[in-house]
Amino acid sequence: FGAGAATYRVTPDAVAGGNGQAWTDDGAGNAPMTLAEAVVAANTGDTVLLKAGTYVLDEGIALDKSVEIRGGFAGTECSIDERAPDAVTTIDGNYEKNGLAFKNAQTPLTIERMRFWRAKVRALYCGLAGARLDLVGCQFVSNAPNSGLEYTDGGRVIKLDGNTASVFSCSNCIFRDNAARVLGQRAAVHVSTLKRAEFLDCSFVNNGVAWDAPTGGQYKGGKVYAGFALCVNDAPTVLTRCEFRANRGITRMDNENYMS
């Protein structure tokens, strides 16, 4: 899988104590890791490979380092190019836990072939301190339907904060059925203060305010805002061959751009 930085292999049924250097226990001291172990072991620049399957989170995963996370492996590959074309790895929050959080990322991040499902509030948060984040072939499905007002700063599915050196690239990703039921929750994807954001061949379908969400009233400075598919604030954004269909929102704040 490449020279230089370390690579760790993770499987849904791994027994704690593996070193992540093999997809199965080879009897010679090499065995896969659990996801929690790999997150601790990996350092900036390392790669975590996840075998296809479902990983139900006991806790949200917070990282203060920049790593590559790649999913969709069958457990027999010798390179990333050997994966089945549509294979993904599912991170399941079970409507009780959030997904991944990267804080103060200063070196490039890649998240590929991951399906984020049923996060309590937020499937992915990234604080990009001048770094670049690439999301490739990821799916964000049925996240955050029952979250309360404890998260009111935007991004029900993804929230990205950065600076004028930070770049976000999202390609071949699907955002579907991510719906807020409480006012003040903004868009499914919230991008703020970046050098640029790029969306290529992405699909936004049926995101925003749930049909049975309460409406009316005021929240936060007299503005009611909830739902929508994409919110961009101080981030030049390019969308190429993207689909927006059946997304819903209530209204918008004056200083931000929403797409439904």
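Throughout, residue positions are numbered sequentially from 1 according to the sequence presented. Note that these values count all heavy atoms, side chains included, but never hydrogens, waters or copies made by symmetry.
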Review point. Does Asn207 offer a backbone N or O that forms a donor-acceptor pair with the side chain of Asn247 under 3.5 Å?
Key: yes
Check your understanding: Does atom NZ of Lys65 have more than 12 heavy-atom neighbours, drawn from other residues, nucleotides or ligands, at distances under 6.0 Å?
Key -> yes
Check your understanding: Any luck finding a side-chain donor-acceptor pair between Asn30 and Asn19 under 3.5 Å?
Key -> yes
**Study point:** Parallel, tilted or perpendicular: rings of Phe168 and Phe199 (30°, 60°)
**Key:** perpendicular
Practice item. Report the C-alpha distance between Glu112 and Ile69 in whole Å, list the side-chain angles of each, state the deciding distance to 0.1 Å, and finish with yes or no for side-chain contact (heavy atoms from CB on, under 4.5 Å). Key: CA-CA 6 Å; Glu112 182 197 29; Ile69 298 179; over 6 Å; no
Exercise for review: Would you check if there is a donor-acceptor pair between the side chains of Arg118 and Asn94 at a distance under 3.5 Å?
Suggested key: yes
Practice item. Indicate whether any N or O donor in one side chain lies under 3.5 Å from an N or O acceptor in the other, for Asp92 and Thr90. Key: no
Practice item. Identify the two heavy atoms, one from Asn163 and one from Ala129, that lie closest to each other, and give their separation to 0.1 Å. Key: ND2-C, 3.7 Å
Exercise for review: Say whether, by atom type as modelled, one donor and one acceptor occur between the side chain of Ser166 and the main chain of Thr164 under 3.5 angstrom.
Suggested key: no
Practice item. Taking Asp134 for its side chain and Thr110 for its backbone only, find out whether a donor-acceptor pair lies under 3.5 Å. Key: no
Exercise for review: Evaluate the criterion ring pair (Phe, Tyr, Trp, His ring centres under 6.0 Å) for residue pair Phe73 and Trp23; output intermediate values, then yes/no.
Suggested key: CA-CA 10 Å; Phe73 290 88; Trp23 286 116; 5.6 Å; yes
**Study point:** Backbone of Cys78 reached by a side-chain donor or acceptor of Glu82 within 3.5 Å
**Key:** yes
Practice item. Ignoring hydrogens and angles, tell me if any N or O in the side chain of Gln139 forms a donor-acceptor pair with the backbone of Arg176 under 3.5 Å. Key: no
